[in-house]
Amino acid sequence: MSILNRDQIRIHPGSATQDEALREVAGLLVSAGSVTPAYLDAMRQREQTVSTFMGNGLAIPHGTNEAKDEILASALSVVRYDDGVDWAGDPVTFVIGIAGRGDEHLEILSQIAILFSEEDDVARLAAATTPDELFELLSEVNG
């Protein structure tokens with residue numbers, strides 16, 4: 001089963017606030033039928049507890065454990081902001097929204113962490129000019 005498809009990927013030439021980015025990745029997950037609209041609040045609560053900034057220009061917002069009932073299916077949403085997002089003081093280019101049923105989010109998180117640990121991979125992701133190109137580079141997360 002695919003957790004990421006092309007219409008869950010966006011590229012913006014400009015920047016966004018952290019809350020705008022959270023709203024966008026959560027909205028893409030809602031549109032995909034993966035989460036209820038209440039998942040956005042759970043993402044905000046998670047950020048208040050602990051930042052989901054991962055380094056290498058990546059943030060991976062996801063809901064709190066209490067919000068598991070808001071997840072209907074595992075999915076990802078990927079948004080690249082070319083002018084960046086100030087993520088509670090850290091510079092972020094990629095915001096990847098994650099919704100995982102059961103323990104699936106742990107596997108999804110590890111695949112993303114591996115992808116973003118390689119500077120060459122991050123450079124390729126940053127250089128992709130279309131959502132289609134980004135999708136091809138990210139397609140291995142679909143396993």
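Note that the structure is a prediction, hence the values are computed from the model and not measured.
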Using atom types as modelled and distance alone, determine if a side-chain donor or acceptor of Tyr81 lies under 3.5 Å from a backbone N or O of Phe94.
no
Any donor and acceptor pair, going by atom type alone, linking the side chain of Ser34 with main-chain N or O of Ala73 inside 3.5 Å?
yes
Run Thr49 and Gln45 through side chain to side chain donor-acceptor pair (under 3.5 Å) and show every step you take.
CA-CA 6 Å; Thr49 313; Gln45 287 166 10; over 6 Å; no
Quick one: do Arg23 and Arg44 satisfy side chain to side chain contact (heavy atoms under 4.5 Å, CB included)? Show the steps, please.
CA-CA 9 Å; Arg23 281 201 309 266; Arg44 287 178 173 138; 3.6 Å; yes
salt_bridge(Arg46, Glu66) N-O dist < 4.0 Å
no
Flag yes if [X] and [Y] sit in one hydrophobic cluster, no otherwise; membership is Ile, Leu, Val, Met, Phe, Trp, Tyr, and two members link when side-chain heavy atoms are under 4.5 Å apart.
| X | Y | result |
| --- | --- | --- |
| Ile108 | Ile71 | no |
| Leu22 | Val30 | yes |
| Leu125 | Ile60 | yes |
| Leu137 | Ile96 | yes |
| Leu4 | Leu109 | yes |

Kindly determine whether Asp86 and Gln18 satisfy side chain to side chain contact (heavy atoms under 4.5 Å, CB included), including the steps that lead there.
CA-CA 6 Å; Asp86 177 344; Gln18 183 174 348; 5.9 Å; no
Do Ile11 and Asp82 pass the side chain to side chain contact (heavy atoms under 4.5 Å, CB included) test, and can you show the C-alpha distance, the side-chain angles, and the key distance before you say yes or no?
CA-CA 8 Å; Ile11 297 176; Asp82 289 344; 4.0 Å; yes
Find out whether [X] and [Y] are in side-chain contact, i.e. whether some heavy atom of one side chain is under 4.5 Å from a heavy atom of the other.
| X | Y | answer |
| --- | --- | --- |
| Ser15 | Val85 | no |
| Trp87 | Leu58 | no |
| Leu29 | Tyr39 | yes |
| Phe53 | Val92 | yes |
| Leu72 | Val35 | no |
| Arg10 | Pro131 | no |

Report the distance from atom [atom1] of [X] to atom [atom2] of [Y], rounding to the nearest 0.5 Å.
| X | Y | atom1 | atom2 | answer |
| --- | --- | --- | --- | --- |
| Leu134 | Ser139 | CG | OG | 11.0 Å |
| Leu76 | Gln111 | CG | CD | 8.5 Å |
| Asp90 | Met54 | CG | CE | 12.0 Å |

Compare every heavy atom of [Y] with every heavy atom of [X], then report the nearest pair and how far apart it is.
| X | Y | answer |
| --- | --- | --- |
| Ala21 | Ala16 | N-CB, 4.4 Å |
| Ala128 | Glu133 | CA-OE1, 3.6 Å |
| Arg101 | Lys68 | NH1-O, 4.4 Å |
| Ile98 | His62 | O-CB, 3.4 Å |
| Glu70 | Ala38 | OE1-CB, 3.5 Å |
| Gly97 | Met43 | CA-CE, 4.0 Å |

Working for side chain to side chain donor-acceptor pair (under 3.5 Å), residues Gln8 and Ser77:
CA-CA 5 Å; Gln8 288 152 242; Ser77 56; over 6 Å; no
Could you check whether atom CG of Asp103 has more than 12 heavy atoms from other residues, nucleotides or ligands sitting under 6.0 Å from it?
no
Please walk me through it: do Glu118 and Arg124 pass salt bridge (charged side-chain N to carboxylate O under 4.0 Å, His left out)?
CA-CA 10 Å; Glu118 295 293 331; Arg124 277 194 290 277; over 6 Å; no
Name the residue from Arg80, Glu20, Glu24 that meets the side chain to side chain donor-acceptor pair (under 3.5 Å) definition with His12.
Glu24
